[in-house]
Undergrad: 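My questions will all concern the structure given below.
Numbering of ligands and ligand atoms starts at 1, following listing order. Just so you know, these numbers use all the heavy atoms, side chains as well, and skip hydrogens, waters and symmetry mates. Being a predicted model, the structure only gives us computed values, none of them experimental.
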Amino acid sequence: RGCNLTACSSRYVLSQMHPMWQGPLAVPGGDRQSPIDIVVRKSVFDSQLKHLIADYDPTTCQQIWNNGYSFLVEYDDTTDKSTLKGGPLQDKFRLCQFHFHWGESNAWGSEHTVDRRLFPAELHLVHWNSDKYSLFEEAVMEDNGLAVIGVFLKVGKRHDGLQKLVDALPAIRHKGSVVEFTKFDAGCLLPNNTEDYWTYHGSLTTPPLTESVTWIVMKQAIEVSHDQLAVFRSLLFTSAEEEVQKSMVNNFRVQQPLRGRTVRSSFS
Ligand SMILES: NS(=O)(=O)/N=C1/NCCS1
Ligand SMILES: [Zn+2]
């Protein structure tokens with residue numbers, strides 16, 4: 001169970017596609033696409049924004065796999081055991097998976113930017129609205145269906161919580177490989193400061209690119225070591241059968257027009 005990057009039919013014409021995970025350049029009628037650049041001085045402080053309440057149960061962690069775009073850690077989302085509430089959200093959202101986007105070098109890799117500042121990688125914790133819908137696949141099509149927390153990664157000290165995940169990557173080098181991965185607390189990947197975030201209405205950045213996401217982008221990055229990031233780059237886009245192996249790097253989407261949207265901040 002749990003959602004994944006591929007388990008949804010994309011309704012966009014393939015011919016408009018970039019490399020598969022880029023999605024089409026312009027989504028037909030898309031006026032709330034992601035990712036975007038967050039222009040700090042144009043963000044609007046909203047005192048009504050609450051604390052984020054992430055309550056993740058490590059026993060709901062099930063597997064880690066390479067889906068050919070990224071690697072994802074999937075959670076059992078058949079009950080409300082790992083949930084996100086508060087922040088900009090009116091409802092309770094269930095954690096279904098998390099994954100990352102990164103570059104071939106530490107100079108770039110994140111999908112969102114802050115005043116054009118790029119980070120070497122970005123974590124996405126994907127949740128769906130379990131107050132209103134009963135499956136991810138349902139929620140993914142609805143305006144208020146999803147909530148994704150974005151956390152920037154920067155190069156610094158080793159992240160001890162991340163290491164368990166890094167150690168599992170060699171076993172899922174190829175597209176389509178999956179291994180059991182349990183008792184992982186996704187909360188350990190959140191920054192110490194979860195009070196300060198930006199939030200805006202946007203879309204998934206990989207197919208189906210649906211405009212169903214309340215984005216919550218944390219102001220504080222987490223630190224990971226250079227070597228930990230290097231292991232991300234040892235993954236492959238390609239399956240074991242393919243002749244030409246392509247390293248899994250630069251799996252981020254190009255930034256999308258803001259189209260008049262307001263980015264709100266939880267801090268002034
Ligand atoms: N990168 S993302 O989290 O916005 N895209 C997704 N597509 C399907 C599940 S999450
Ligand atoms: Zn993502």
Undergrad: Any idea which atoms of ligand 1 are less than 4.0 Å away from a heavy-atom of Pro207?
TA: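 Heavy-atom distances to Pro207 below 4.0 Å select 7 (N), 8 (C).
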
Undergrad: Establish, from distance only, whether the side-chain atoms of Glu122 and His112 form a donor-acceptor pair under 3.5 Å.
TA: yes

Undergrad: Less than 3.5 Å between some nitrogen or oxygen of Thr206 and one of ligand 1, yes or no?
TA: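 Among all N and O atoms of Thr206, at least one is under 3.5 Å from an N or O of ligand 1.
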
Undergrad: Which atoms of ligand 1 are found less than 4.0 Å from any heavy atom of Gln97?
TA: 9 (C), 10 (S)

Undergrad: Which atoms from ligand 1 have a heavy atom of Val126 less than 4.0 Å away?
TA: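 Ligand 1 atoms under the 4.0 Å threshold to Val126: 3 (O), 10 (S).
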
Undergrad: Does the Gln33 side chain pair with the main chain of Glu211, one donor and one acceptor, at a distance under 3.5 Å?
TA: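 Flag not set: sc Gln33 to bb Glu211 has no pair under 3.5 Å.
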
Undergrad: Do any nitrogen or oxygen atoms of Trp215 come within less than 3.5 Å of a nitrogen or oxygen of ligand 1?
TA: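 No; the residue has no nitrogen or oxygen that sits under 3.5 Å from a nitrogen or oxygen of the ligand.
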
Undergrad: If I take the Zn ion (ligand 2) as the centre, what angle separates the ND1 atom of His124 from the NE2 atom of His99? Nearest 10 degrees is fine.
TA: 110°

Undergrad: Going by the order shown, which atoms of ligand 1 are within less than 4.0 Å of some heavy atom of His124?
TA: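 It comes down to these atoms of ligand 1: 1 (N), 3 (O).
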
Undergrad: Measure the distances from the heavy atoms of Cys96 to every atom of ligand 1 and state whether one is below 4.0 angstrom.
TA: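 No, that is not the case, since the closest heavy atom of the residue is not under 4.0 Å from the ligand.
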
Undergrad: If you draw a 6.0 Å radius around CD in Gln245, do more than 12 non-hydrogen atoms from other residues or ligands fall strictly inside?
TA: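 More than 12 heavy atoms, drawn from other residues, nucleotides or ligands, come within 6.0 Å of this atom.
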
Undergrad: Over 60° means perpendicular and under 30° means parallel, so tell me whether Phe152 and Phe119 are parallel, tilted or perpendicular.
TA: parallel

Undergrad: Hey, mind stepping through Asp37 and Thr113 against side-chain hydrogen bond (donor to acceptor under 3.5 Å, both in side chains) and telling me if it holds?
TA: CA-CA 5 Å; Asp37 176 45; Thr113 50; 2.7 Å; yes

Undergrad: What atoms in ligand 1 come closer than 4.0 Å to a heavy atom of His101?
TA: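 By the 4.0 Å cutoff, the relevant atoms are 1 (N).
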
Undergrad: Phe71 and Phe232: aromatic ring centres closer than 6.0 Å?
TA: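 Centroid distance Phe71-Phe232: below 6.0 Å, so yes.
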
Undergrad: For the Zn ion (ligand 2), give me the closest N/O/S atom belonging to His101, just the atom name.
TA: NE2

Undergrad: Is the distance between the ring centroids of Tyr56 and His127 less than 6.0 Å?
TA: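 Aromatic pair counts; centres sit under 6.0 Å.
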
